[in-house]
Amino acid sequence: MSRLNLAFYRDDTLQVARALLGKRLVRVIDGRRQSGVIVESEAYIGEADRASHAAHGRTRRNEVMYGPPGRAYVYFIYGMYWCLNVVTEEAGFPAAVLVRALEPLEGVDLMRARRAGRPDHELTTGPGKLCAALGIDRRLNGVDLTSSEELFLEDDVPVDPNRIAASPRIGLNDKVGSAAVVPWRVYLAGNRFVSAQKARRG
DNA sequence: TATACGATCACCT
DNA sequence: GGTGATCGTATAC
């Protein structure tokens with residue numbers, strides 16, 4: 001299994017969002033691997049994207065998005081959840097892909113322990129859930145995914161492009177205008193680990 | 001210094 | 001269908 005390299009992340013963000021589907025997200029804690037296949041992601045592209053954290057320019061919070069590609073951008077939301085992004089494109093241009101859902105593969109026992117009381121099919125079916133399951137928090141913000149020993153991505157089995165579906169991104173405020181409707185969420189159609197709260201398009 | 005709110009989730013009816 | 005939890009961040013005073 002080979003690790004994704006810098007060139008993978010430096011690419012066009014929408015391309016990376018699609019290419020991440022089927023890749024393996026690996027978290028290593030105390031030498032134990034916990035991993036899952038990415039089945040859902042969302043692209044956030046530049047300051048012109050009004051739904052992006054970079055929509056109002058560079059701040060201490062979003063500065064990792066402005067840095068080199070291949071870094072983890074981990075942010076805190078709603079007072080209790082963490083979300084994981086991978087930074088894309090050239091340094092200086094703020095763009096990233098939010099990892100929204102995983103199909104668990106390795107270390108499921110550890111994920112169950114961190115998500116006590118949740119059934120297996122709800123361990124990683126959302127951006128907050130997967131960070132809880134894999135023990136991802138602010139300590140990993142800015143980590144270089146091309147060299148880190150605790151968080152990285154690997155190649156896995158190729159995905160049939162025909163299985164990739166797209167939809168508007170989830171959870172955006174109406175105030176972001178047209179950014180709320182562009183189909184920058186992508187996912188593996190039919191996969192049971194795609195996040196699916198309520199009825200949802202796509 | 002104060003305040004409003006969010007790239008969510010779980011639990012309620 | 002609706003909403004409370006809970007706090008870092010941005011922005012307004």
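Letters go in sequence order (proteins before strands), and every chain restarts at 1. What's counted below: heavy atoms across the whole structure, side chains too, no hydrogens, waters or symmetry copies.
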When the distance from [atom1] of [X] to [atom2] of [N] is rounded to whole Å, what number comes out?
X        : N     : atom1 : atom2 : result
A/Arg169 : B/dA7 : CZ    : P     : 10 Å
A/Met80  : B/dA7 : CE    : C1'   : 16 Å
A/Ile170 : B/dC9 : CD1   : C1'   : 14 Å
A/Glu42  : B/dG6 : CD    : C1'   : 14 Å
A/Leu130 : B/dC9 : CG    : C1'   : 13 Å
A/Tyr75  : C/dG8 : OH    : P     : 16 Å
A/Leu84  : B/dT8 : CG    : P     : 14 Å
A/Ile136 : B/dT8 : CD1   : C1'   : 15 Å

Review point. Has the side chain of A/Tyr78 got a donor or acceptor that lies under 3.5 Å from a partner of the other kind on the base of C/dA5?
Key: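 By the distance-only test, no, there is no pair.
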Review point. Taking atom types as modelled, is there a side-chain donor on A/Tyr66 or A/Glu47 under 3.5 Å from an acceptor on the other?
Key: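 Judged by distance alone, the side chains do pair up.
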Check your understanding: With a 3.5 Å cut-off and no angle check, do the side chains of A/Ser41 and A/Arg100 form a donor-acceptor pair?
Key -> no
Looking at every strand, decide which applies to [X] at a 4.0 Å heavy-atom threshold: base, sugar-phosphate, or nothing.
X        : result
A/Leu98  : base
A/Asn85  : base
A/Arg50  : nothing
A/His56  : sugar-phosphate
A/Gly128 : sugar-phosphate

Review point. DNA chain B: A/Arg61 or A/Arg118, which has the more 5' nearest nucleotide?
Key: A/Arg61
Point to revise | Below 4.0 Å: OP1/OP2 of B/dT8 and any side-chain N or O of A/Arg100 | key: yes
Taking only the side-chain heavy atoms of [X] (C-beta and beyond), determine which of [options] contains the nearest atom.
X        : options              : result
A/Lys129 : C/dG8, C/dA5, B/dA10 : B/dA10
A/Asn173 : B/dC9, B/dA7, B/dG6  : B/dG6
A/Arg138 : B/dT8, C/dG8, B/dA7  : C/dG8

**Study point:** Joint hydrophobic cluster, A/Val99 plus A/Leu4, side-chain heavy atoms closer than 4.5 Å
**Key:** yes
Check your understanding: Can we call the ring centroids of A/Tyr75 and A/His53 under 6.0 Å apart?
Key ->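 Close enough - the centres of the two rings lie under 6.0 Å apart.
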Review point. Quantified in whole Å, what is the P atom distance between nucleotide B/dA2 and nucleotide C/dT6?
Key: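 After rounding to an integer number of Å, I get 22 Å for this pair.
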Exercise for review: In whole angstrom, give me the gap between the C1' atoms of B/dA7 and C/dG1.
Suggested key: 23 Å
Practice item. Determine if A/Tyr44 stacks with B/dA7; use a centre-to-centre distance below 5.5 Å and an interplanar angle below 30° as the criteria. Key: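 Base of B/dA7: stacked against A/Tyr44.
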Exercise for review: For atom CZ of A/Arg139, decide whether the heavy atoms of other residues, nucleotides or ligands shown that lie under 6.0 angstrom number more than 12.
Suggested key: no
Exercise for review: Look through every strand shown and name the nucleotide pairing with C/dT6 as Watson-Crick or G-U wobble, where both distances are under 3.5 Å.
Suggested key: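 The answer is none; no pair meets the criterion.
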Exercise for review: Would you mind pulling out the nucleotide paired to B/dA7, Watson-Crick or G-U wobble, both distances under 3.5 Å?
Suggested key: none
**Study point:** Test item: A/Arg27 side-chain N/O and A/Glu150 main-chain N/O as donor-acceptor pair under 3.5 Å
**Key:** yes
